[in-house]
Protein chains: 4
Amino acid sequence: MNLLIENVTQEKKNRILNCAMEEFASKGYDRASTNAIIKKAGISKGAIFQYFMNKELMFYYIFDHAEKQIKDYILDNIDLNSPDLLIRVQSYMDSMLNLLTDFPRTMEFILKARSDDNIGIKSEILKRESDSYNKLEEVFKTGLDIELFKSPKELDKIIIILKSTLDKLLEDGLNSSLDKSEIYDTICDYISYFRKLFYI
Amino acid sequence: MNLLIENVTQEKKNRILNCAMEEFASKGYDRASTNAIIKKAGISKGAIFQYFMNKELMFYYIFDHAEKQIKDYILDNIDLNSPDLLIRVQSYMDSMLNLLTDFPRTMEFILKARSDDNIGIKSEILKRESDSYNKLEEVFKTGLDIELFKSPKELDKIIIILKSTLDKLLEDGLNSSLDKSEIYDTICDYISYFRKLFYI
Amino acid sequence: MNLLIENVTQEKKNRILNCAMEEFASKGYDRASTNAIIKKAGISKGAIFQYFMNKELMFYYIFDHAEKQIKDYILDNIDLNSPDLLIRVQSYMDSMLNLLTDFPRTMEFILKARSDDNIGIKSEILKRESDSYNKLEEVFKTGLDIELFKSPKELDKIIIILKSTLDKLLEDGLNSSLDKSEIYDTICDYISYFRKLFYI
Amino acid sequence: MNLLIENVTQEKKNRILNCAMEEFASKGYDRASTNAIIKKAGISKGAIFQYFMNKELMFYYIFDHAEKQIKDYILDNIDLNSPDLLIRVQSYMDSMLNLLTDFPRTMEFILKARSDDNIGIKSEILKRESDSYNKLEEVFKTGLDIELFKSPKELDKIIIILKSTLDKLLEDGLNSSLDKSEIYDTICDYISYFRKLFYI
DNA sequence: TATGAATGAGTATTCATTCAT
DNA sequence: GATGAATGAATACTCATTCAT
């Protein structure tokens with residue numbers, strides 16, 4: 001799908017994407033208003049439909065863009081030198097927390113999009129995300145020292161447990177608007193416990 | 001709050017509640033259409049507002065009704081005889097899975113309501129639910145044999161890990177529309193692993 | 001038009017009429033709610049339509065009732081012993097002011113009804129009122145000493161001028177919620193001036 | 001407040017304003033239907049809200065427009081050369097009657113708006129109008145020859161009497177749908193009488 | 001006779017999308 | 001390419017009136 005938004009100058013494109021992410025993040029897909037977006041972005045009503053065809057394609061385009069931004073950031077910042085999974089996980093969580101300060105709009109948008117009220121939107125988002133997640137998981141596993149684990153054959157389960165728990169801690173932390181350092185401490189706490197639990 | 005829906009015949013009431021739960025579950029509070037509900041339920045425009053006063057009270061009424069249904073079911077079916085946490089957890093997950101076949105609409109509705117896009121709705125729902133959840137957690141902990149754990153002092157972390165992981169397995173199972181038995185097997189698998197992990 | 005309201009016990013009838021007058025007076029015909037009336041009067045939804053057929057006939061019935069009440073009061077209290085028009089007028093205005101304290105609901109209802117927003121209602125009301133007003137005017141003129149006037153042949157004009165001016169003073173007084181004694185003083189003031197103006 | 005109605009072609013704008021005035025005049029603010037207006041004016045549902053934002057702003061816009069039209073007409077046509085109040089009054093009433101044939105809808109609308117049932121609307125209208133009325137009264141009094149009156153010190157009363165009576169004659173004339181010439185004759189009659197009554 | 005549940009046309013307002021300029 | 005006026009289906013909610021009990 002080649003959208004005309006690609007032909008727009010970088011500056012204008014960023015302006016539009018930022019305004020749209022803000023609107024979608026704060027209202028969700030359905031209640032987000034194209035009108036609000038064009039007003040904030042200073043473009044015309046017609047333009048947005050020329051750039052993106054319709055609201056739905058705009059949402060997916062922005063999602064893909066946001067996700068790429070985040071994935072790139074993580075891949076740049078994650079520490080893959082160590083073969084120790086929990087060190088990698090720790091650096092991943094560090095990146096996630098840093099993203100919250102470096103790209104707050106993008107993060108809010110992505111987190112909101114994952115649990116959007118609109119069933120069609122949500123399932124499409126989950127589909128697009130799982131590809132991306134699978135690639136990330138692969139990276140995580142490459143060059144891993146599985147000798148560190150008590151039960152190396154349970155690696156897949158362990159990864160699910162880690163991801164479920166740490167995602168939940170992050171989500172709950174944000175929902176109760178704890179500040180970054182509190183969330184960070186909690187996460188470190190759990191990672192220490194995981195080390196005792198899973199490692200020899 | 002005594003709503004007139006209480007005076008309606010059981011058959012009609014169930015019809016209305018089911019249609020409403022379906023609509024709310026698939027669209028979320030804001031996008032759900034009272035029009036769609038009355039059409040599916042075969043009642044008139046005026047009736048729904050006579051029964052529930054307005055959309056918001058309808059939502060809360062249905063939520064309370066649904067939650068009671070589920071909580072009653074769980075409390076009736078959960079096995080609290082054993083002092084073994086994982087046996088209790090296993091029976092809780094069994095109940096949850098059974099609920100998915102016995103009251104699928106109710107479960108979809110409740111799961112969706114918890115993360116509704118509408119901020120006012122969401123916070124009211126969480127308020128109503130947290131009471132219920134805290135009571136359930138208490139029940140879970142009462143008469144528990146903590147000597148079974150390698151690290152009894154980490155009980156709170158353990159519970160979070162169990163809950164996060166098993167909730168995630170259930171959610172992913174539903175999202176990828178696996179059938180019940182597959183989800184069940186996966187959950188049993190994880191619970192076995194938890195036993196090795198956490199118990200002496 | 002024989003309405004079934006006539007068959008109802010006096011006590012119940014008064015209750016209904018009072019509640020209806022209050023509702024109509026405060027909201028006007030269109031915005032007045034039959035629901036509010038039955039709730040206040042403690043009768044059933046069906047009853048009101050059995051008694052009055054519909055909202056419009058209810059309004060006219062109440063109007064006729066209210067107007068009769070007021071006309072009777074005025075005819076009982078007006079001083080027709082004197083052949084002096086301005087003395088009669090003065091006693092008429094006194095009665096009007098007294099009505100405001102003795103039958104406030106009835107007066108508010110009548111005053112509001114005369115300028116109702118609903119064009120059909122308003123013209124019907126004006127028609128019904130003019131009959132009543134003509135009869136009152138006749139009474140006013142009977143046994144009048146026209147020798148008191150500088151221009152007896154202008155009597156009709158004089159009456160119009162008196163009525164227009166004093167009605168306006170009363171209306172403005174009520175609209176700016178002056179209290180009765182202030183309105184009374186203003187009216188007396190004008191009547192004195194009229195005496196100089198019209199009388200020999 | 002710059003409303004988009006200003007950007008519309010004169011022909012369309014007039015069509016819309018006329019239809020709206022007709023609807024508001026015959027039903028009052030609350031019962032007037034935006035639906036009826038757009039149907040009569042042949043525009044789309046969305047258009048009216050794009051032009052006026054909402055029903056209330058539409059009403060005020062139309063009111064201001066109508067009042068300006070009428071005030072301009074009167075100030076253009078009133079004869080202020082003479083220091084004789086009754087000549088000024090006569091020319092004012094002439095203007096009013098001419099307005100009834102030249103701008104009948106505008107007049108009906110304005111007369112109705114002044115006594116609208118909706119309290120909020122009415123008080124806003126009166127506020128907007130009192131400025132305008134006070135200015136008019138000032139104009140009326142400027143350069144007036146008060147030596148013409150028998151009782152110059154009663155000027156304020158006289159003005160109230162004139163205004164109350166002539167307004168009433170006009171209103172009654174319209175309500176009984178007399179034609180212009182009959183109303184005109186009656187008014188002239190009264191003004192002649194006022195001359196005898198108030199002037200030396 | 002009295003009830004009140006049921007009805008459905010009505011209300012103002014929103015908003016993604018189209019299209020003539 | 002860019003604009004923004006125009007569209008109309010959709011929203012929650014009201015209320016006089018009917019009618020089976």
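By convention in this document, chain letters (A, B, ...) are assigned in the order of the sequence lines, proteins followed by strands, and residues within each chain are numbered from 1.
For B:R31 and E:dA16, the CZ to P distance is 12 Å, given to the nearest whole Å. E:dT1 atom P lies 14 Å from atom CG of C:L3, rounded to whole Å. Here the P atom of nucleotide E:dT14 and the CZ atom of D:F52 are 16 Å apart, to the nearest Å. Between the NZ atom of B:K39 and the C1' atom of E:dG8 there is a distance of 12 Å, rounded to whole Å. Here E:dA16 presents its P atom at 13 Å from CZ of A:F59, a figure rounded to the nearest Å. Atom pair B:N35:CG and E:dT11:P shows a separation of 16 Å (rounding to whole Å applied). Here the C1' atom of nucleotide E:dA16 and the CD1 atom of A:I121 are 13 Å apart, to the nearest Å. The separation between A:K45 atom NZ and E:dC15 atom C1' is 6 Å, rounded to whole Å.
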Apply ring pair (Phe, Tyr, Trp, His ring centres under 6.0 Å) to residues C:F109 and C:F103 and explain how you reach the verdict. CA-CA 10 Å; C:F109 171 74; C:F103 300 103; over 10 Å; no
When you look at D:M58 and D:T34, which way does the side chain to side chain contact (heavy atoms under 4.5 Å, CB included) test go after all the steps? CA-CA 10 Å; D:M58 171 166 58; D:T34 51; 4.1 Å; yes
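Taking a cutoff of 4.0 Å between a charged side-chain nitrogen and a carboxylate oxygen, D:D117 and C:K112 qualify as a salt bridge. Look at D:E108 and D:R105 and you find no salt bridge, because none of the NZ, NE, NH1 or NH2 atoms lies under 4.0 Å from a carboxylate O. Under a 4.0 Å N-O distance rule, the pair C:D30/D:K27 does not qualify as a salt bridge. Ion pair A:R128/A:E67 not flagged as a salt bridge, since none of the NZ, NE, NH1 or NH2 atoms sits closer than 4.0 Å to an Asp/Glu carboxylate oxygen.
Remark: D:K13 engages D:E6 in a salt bridge (Lys or Arg N to Asp or Glu O under 4.0 Å) (not counting sequence neighbours).
Mapping B:G42 and C:K12 onto DNA chain E by nearest heavy atom places C:K12 at the nucleotide closer to the 5' end. Nucleotides of DNA chain E nearest to D:N54 and B:V8 differ in position, and the one nearer the 5' end is that of B:V8. Where B:Q50 and B:A32 meet DNA chain F, the nucleotide closest to each residue was compared, and B:A32 sits on the side nearer the 5' end.
Between the side chains of C:K12 and C:Y51, at least one donor N or O lies within less than 3.5 Å of an accepting N or O. Side chains of B:K45 and B:N35: a donor on one and an acceptor on the other come within 3.5 Å.
For the pair C:S44 and E:dG4, the criterion of a side-chain N or O lying under 4.0 Å from OP1 or OP2 is not met. Distances shown here put every side-chain N or O of C:Y51 at or beyond 4.0 Å from the OP1 or OP2 atom of E:dT1. Phosphate contact (OP1/OP2 of E:dA12, side-chain N/O of D:K55, threshold under 4.0 Å): present.
Enclosure of atom CG in C:L4 by more than 12 non-hydrogen atoms of other residues, nucleotides or ligands within 6.0 angstrom is indicated.
Counting any heavy atom pair closer than 4.0 Å across all strands shown, B:L4 reaches sugar-phosphate atoms only and no base atom.
Chain D approaches DNA chain F over the interval F:dA5 to F:dA9, counting the first and last nucleotide 5' to 3' with an atom under 4.0 Å from its heavy atoms.
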Can you give the dot-bracket line for DNA chain F, where a pair is Watson-Crick or G-U wobble with both atom distances under 3.5 Å, crossing pairs use [ ], and | marks a partner on another strand? .||||||||||||||||||||
